Structures are given as structure tokens and as C-alpha cells.
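Below is one structure; the comments refer to it alone.
The structure displayed is predicted, hence computed values, not measured ones. Counting convention: from 1, in listed order, for ligands and their atoms alike.
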Amino acid sequence: MIRDPKHSDSFRRWRLGARACFVAGVGILLVAWGDADPRTRFGLIAVGAVLIVVVIPLYFHRCNRCPRCRRSFSETPADPDEQVSRLPLFNSVERCPFCGLDLDSAGYL
Ligand SMILES: [Zn+2]
């Protein structure tokens with residue numbers, strides 16, 4: 001199988017970016033939680049919430065789909081043998097359950 005280096009790089013970048021935004025958003029919310037000043041707290045909560053809200057559709061559109069067959073990993077039937085989690089933001093998807101693309105060894109992760 002010949003992989004498209006550009007395609008796999010962008011898939012990997014989107015996943016890294018989505019994870020970074022999500023972690024940053026949660027981190028900002030946690031900081032906001034401990035901030036005594038109500039105005040600062042409101043601002044931080046707004047920034048953190050926007051980050052998380054933005055990253056969710058981005059994630060499902062760009063990162064939760066097989067880069068080859070474009071099917072969503074969330075459609076994976078619940079099967080204990082499958083190596084795919086339904087929301088693999090922080091889990092690695094080793095193999096596409098639909099077309100069998102080996103994401104791990106093909107350099108997608
Ligand atoms: Zn696939």
C-alpha cells in the first residue's frame with residue numbers, strides 16, 4: 001500500500017491540533033475555576049468554552065474519519081474485538097474498521 005504523505009501528515013496534524021485545543025480549553029476552564037476575580041473568570045470561561053466548542057465539530061469532521069475511506073470511526077459497531085474506540089480523541093486508532101487501512105504502521109498516527 002502506498003500512502004500519501006501529505007494526506008497522512010494533515011490527518012496527524014489535525015488530530016494533534018484538536019487534542020491541543022481540547023486540552024487548552026479544559027486547562028483554561030480549570031484556571032478560571034480558581035480565579036477569584038469574576039470578570040477574569042468570565043473571560044477565561046468564555047475562551048475555554050469557545051476552544052472546546054470549536055474543536056468538537058472540527059474533530060468529527062477532520063480527525064474522527066478514516067483518511068482513506070472517509071467513514072467516521074464513531075459509526076464503528078460496538079464490538080469488543082474491534083481495536084477502535086468510539087471517540088478516539090486520545091486513543092490511537094490502529095486500523096480502520098471499514099477499509100482496513102493500517103493507520104499505525106502507515107504513519108498516520
Ligand atoms: Zn477506512
Side-chain angles (χ1 to χ4, degrees):
M1 184 202 315
I2 301 157
R3 77 182 171 97
D4 175 1
K6 261 177 78 182
H7 212 158
S8 62
D9 282 355
S10 81
F11 180 73
R12 196 170 50 220
R13 264 200 299 271
W14 277 110
R15 285 178 66 86
L16 283 174
R19 286 178 191 183
C21 281
F22 185 79
V23 169
V26 170
I28 289 169
L29 287 182
L30 287 177
V31 169
W33 194 266
D35 199 291
D37 179 20
R39 283 172 68 184
T40 314
R41 196 188 306 153
F42 181 79
L44 287 172
I45 287 173
V47 170
V50 164
L51 269 177
I52 292 173
V53 164
V54 161
V55 88
I56 289 171
L58 192 92
Y59 176 75
F60 279 102
H61 193 69
R62 293 279 181 179
C63 315
N64 199 32
R65 285 180 186 279
C66 174
R68 187 164 77 183
C69 67
R70 305 296 301 156
R71 289 194 64 179
S72 168
F73 297 133
S74 300
E75 294 166 17
T76 309
D79 181 342
D81 292 337
E82 288 290 345
Q83 294 174 317
V84 173
S85 117
R86 293 182 144 260
L87 196 67
L89 179 58
F90 292 95
N91 298 324
S92 63
V93 184
E94 288 166 17
R95 180 180 292 277
C96 173
F98 304 109
C99 70
L101 174 63
D102 191 337
L103 293 157
D104 201 4
S105 64
Y108 283 96
L109 300 176

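- Listed by chain and number, the protein atoms of type N/O/S under 2.8 Å from the Zn ion (ligand 1) are C66 SG, C69 SG, C96 SG, C99 SG; waters are omitted.
- Residues V50 and W33 fall into different hydrophobic clusters, defined by Ile, Leu, Val, Met, Phe, Trp and Tyr side chains chained together at heavy-atom separations under 4.5 Å.
- Residues passing the side chain to side chain donor-acceptor pair (under 3.5 Å) test with R71, sequence neighbours excluded: E75.
- Under the 4.5 Å side-chain heavy-atom criterion for Ile, Leu, Val, Met, Phe, Trp and Tyr, L51 and L58 are members of distinct hydrophobic clusters.
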R62/F11 under side chain to side chain contact (heavy atoms under 4.5 Å, CB included): CA gap, chis, key distance, verdict: CA-CA 7 Å; R62 293 279 181 179; F11 180 73; over 6 Å; no
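- Linking Ile, Leu, Val, Met, Phe, Trp and Tyr whenever their side-chain heavy atoms come within less than 4.5 Å puts I56 and V26 in one cluster.
- Of all heavy-atom pairs between L44 and I28, the closest is O-CG2, 3.0 Å.
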